[in-house]
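Worksheet: the structure to be examined is printed underneath.
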Amino acid sequence: DRMMYGRHLGCYQDEKRLRILSSFYGNYINSNSPYSCLDICIQAGFPYAGVQYASECFCGENPPPPSASIADDLCDMKCPGDNSKVCGGYFTMNVYETGLAKFEPRTPQISENKNNSVRIVYLLTLNGRALRQVHRLINALYRSNHYFYIHVDSRQDYLHRKLMSLEKQLPNVKLAATRYSTIWGGASLLKMLLAAMKDLFRLEWQWDFVINLSESDFPIKSIESLEAFLSMNKGFNFVKSHGREVQRFIKKQGLDKTFIECETRMWRVGERKLPRGIVVDGGSDWIALSPDFVSYVTGDRDELLAGLDIVFQHTLLPAESFFHTVLRNSRFCNTYVDNNLHVTNWKRKLGCKCQYKHVVDWCGCSPNDFKTEDWPRIQNTRDRQSFFARKFEPVINQQIITRVEEYIGFTDHHLLSNLEAYWQSIYHIDDLTSSSDDMILTHAGSITRENSKILLKEGCSLVPYEIIEITSYNYADVYKGNLILHKAVLNKEFEVLIETWYKPKKHLELNFENHYVDNVKIFKVSSDYDQKEMTFRNLANILGPLSEPILLYQFAPIVEKKTENFTILWLDPTGIIADVNSIYLDENNLTNFIKPNLKAPLLPGVWKVGLFEQLNLIALTKFLITPLESFSGKELTHQEANIIHSGSQNAYKNFSYVKPLNFLPDEEESLLLQKISHSNIKRVNQDLKNWIDSLNSDFYSVLGSCVSTTSQNSKEKLGCGKHIFEYCTQTEWSSLSPDPKGTIGNLNSKSGRL
Ligand code: UDX
């Protein structure tokens, strides 16, 4: 009455490295066994390690859809004593060198003893500036019996600075003292992971699993269910395998190529042969490892580790293969569980655009951010042993994060102020590069002056002088503008901290006489276009002479025609055509971007981009290349202005043969524009500021400002001329207003939660 349907786990079989020659797990049915089908199903639904398909531990009339890998076997099984019902459970079978097969049902380690708890180290590997999302992640994960070890990319001083206070605030949080420039896919990622894991032993924390997570991961099940699952699976190591033919994986992954990480890039230098006698395995680099295994991989180098160290120092995306390969080839072989506890939002068509070419000599893929419409993907993991999902980015979509929190048991959302708001820092005065951020400081300085002009109309004198922070502000997943926190002198009397809210103006003109005009959905220029998320990361369109503008277009399908050709003309501030591009529009190309062939420095001023059908204008957009007020943090000199503000007109191709209708300036106008542009180059100091301000006021609208001052602690509103300032802490849009979800909460000593 014992049936076995096995799936090869792939423990290494060669050279007698292992005692266990092969290992199976599969479905188990035995009516007389203590682990009867029913028991198995009742016991929390996942009695055995290695069972990533919790939904397939069933006993009932409606088994869930079988997984691809063990589907057929499961479908055939019947519940003992009841042929109408189907049953499934799991077992492990190890084949030993003697050739004897030995059944070893993994005993469910469910214990009544409450002390049999599990302690987790969350190894957070962080990058970027999404501080409030990192806080939100920590708030969601935090329990006082777990630990947080945080590594921040050494180039991300903002995030590191802001997180440092956590070490003092919470006893179970440590930041990595040794930090690496962990480039995407780089060998340094593995180096960092191994160094961080080694450090865990120095800290003498008592832990059962280390789980690595990034700023874009989030739990999708309650921490209690993760704890319950892991407490039954102590000693196992969770990694996800590629699930395809090994040779194909090796090729796709570039494992047969030697890479060298140098100056924060992975350079491909040649072909290589992988060592013989080693089973190569890999897949995801999101893992949950046991202390025994971590102690082994970070400890003394035996022959296997010493060899793999050399291989993996020169391997692209090393963390996606290293742990898998060590597991397969070491005595830890049968602790391998093919499950990374994650669901990943892969949309390969969007995520595999070779977007990391500047960082790695390879075409790498990235998962997409979850959006509200991806909710079913998360919900479908309800019965699976997936405890985390990636990727989440509140600048792209925050609603889904809120929904996930509700799904995993958060009940206090209705009590939280600013739940739908999201703030993310763009610039901070303490950033290591802050003083030389000439473009952003020029831009922000000009906006604060614009605000002063507006206030002056109300008889309020506000002289801005130091930019502290610039923050981008979203509400209900819509970009609402930027906020500039700056110092100023109010009424020539006292210093205040002001936050100014502003937004870019829209610059799309449509020619309603053209029949294609209704097809134009987006026609816009900015920079830092993210192909994967199909959005500009430079939301405020802040562009300077050294920027690389990109045009994004989106068309509605053209009903009467399958394909159409359009022309794009780029007109510089003097009215000269700087570049011409063609769009070949078909159903696969309705949304796309164009990077014009323009040489830096770009001529400052207002640029125009026209969309044409033959010679007829359909749509026109404008963008601003802001002149720079400073160079490397110092006021621009005449000599520098001459270089930076004179453009690169002599690098343009000759487009005089292109004669679009109603687009180019006439000869007289053209001469005038040239003359103005020429004289603009000579502008420095106040004259330069005036020019910058006149340009900026056409491209940005100031929406309001609030005050935050320590010298006036009154709750009263602050008057200045006829203007009454709100306090920022009470101003909904202000980055200084309360944001409980994005701030580390207070520790509740009773529950151990934040
Ligand atoms: C993920 C996997 O990590 C990668 O191995 C796989 O090939 C694709 O899916 P992706 O989501 O693109 O990659 O990477 P991301 O989460 O942005 O970065 C991975 C880790 O590296 C994160 O912990 C991130 O914080 C860190 N990182 C990334 C840095 O520290 N610095 C960087 O410049 C980029």
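Sequential numbering from 1 along the given sequence is applied to the chain's residues. The figures that follow rest on heavy atoms only: side chains count, while hydrogens, waters and symmetry mates do not. Both ligands and their constituent atoms are indexed starting at 1 by order of listing. Not measured: the values here are computed from a predicted model.
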Going by the rule salt bridge (Lys or Arg N to Asp or Glu O under 4.0 Å), which residues pair with Lys174 if we only count those two or more places apart in sequence or in a different chain?
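If we apply the salt bridge (Lys or Arg N to Asp or Glu O under 4.0 Å) test to Lys174, skipping adjacent residues, there are no hits.
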Check ring-ring contact (aromatic ring centres under 6.0 Å, His included) between Phe148 and all other residues, then give those that pass, not counting sequence neighbours.
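By the ring-ring contact (aromatic ring centres under 6.0 Å, His included) rule, Phe148 matches Tyr122, Tyr142.
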Please could you name the atoms of ligand 1 that [X] approaches to less than 4.0 Å, counting only its heavy atoms?
X	value
Leu189	21 (O)
Glu215	24 (C), 25 (O)
Tyr356	12 (O)
Arg155	31 (N), 32 (C), 33 (O)
Cys365	7 (O), 8 (C)
Trp286	2 (C), 3 (O), 23 (O)
Lys391	10 (P), 11 (O), 12 (O), 14 (O), 15 (P), 16 (O), 17 (O)

Set out, in order, the CA-CA distance, both residues' side-chain angles and the distance that settles side chain to side chain donor-acceptor pair (under 3.5 Å) for Asp338 and Ser241, then state yes or no.
CA-CA 6 Å; Asp338 187 4; Ser241 185; 5.0 Å; no
Would Arg328 pass as a cation-pi partner of Tyr336, given that its NZ or CZ must be under 6.0 Å from the six-membered ring centre and within 45 degrees of the axis?
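Positive - Arg328 is close enough to the ring of Tyr336 and near enough to its axis.
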Can you confirm if the NZ or CZ of Lys480 lies within 45° of the ring axis of Tyr473 and under 6.0 Å from the centre of its six-membered ring?
no
Is the closest heavy atom of Gln156 to ligand 1 under 4.0 Å?
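The answer is no, since Gln156 has no heavy atom less than 4.0 Å from ligand 1.
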Sub-4.0 Å heavy-atom contact, Gly364 with ligand 1
no
Provide, to 0.1 Å, the distance between atom 3 (O) of ligand 1 and the closest protein heavy atom, together with that atom's residue and name.
Asp285 OD2, 2.9 Å
Is there a nitrogen or oxygen of Trp346 sitting under 3.5 Å from a nitrogen or oxygen of ligand 1?
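It does not: no N or O of Trp346 is found under 3.5 Å from an N or O of ligand 1.
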Examine Trp286 together with Phe323 and report whether their ring centres are nearer than 6.0 Å.
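Ring-ring flag for Trp286/Phe323: false, centres at least 6.0 Å apart.
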What distance do Asn233 atom CG and Gln385 atom CD have between them, rounded to the nearest 0.5 Å?
7.5 Å
Have a look at ligand 1 and work out which part of Leu317, if any, has a heavy atom under 4.0 Å from it: side chain, backbone, both or neither.
side chain
Have a look at Val152, Asn368, Thr125 and point out the one with the heavy atom closest to atom 23 (O) of ligand 1.
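Of the listed residues, Thr125 has the closest heavy atom.
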Option nearest atom 31 (N) of ligand 1 (shortest heavy-atom distance, choices Thr182, Asp217, Leu124, Leu159):
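Selected option, by shortest heavy-atom distance: Thr182.
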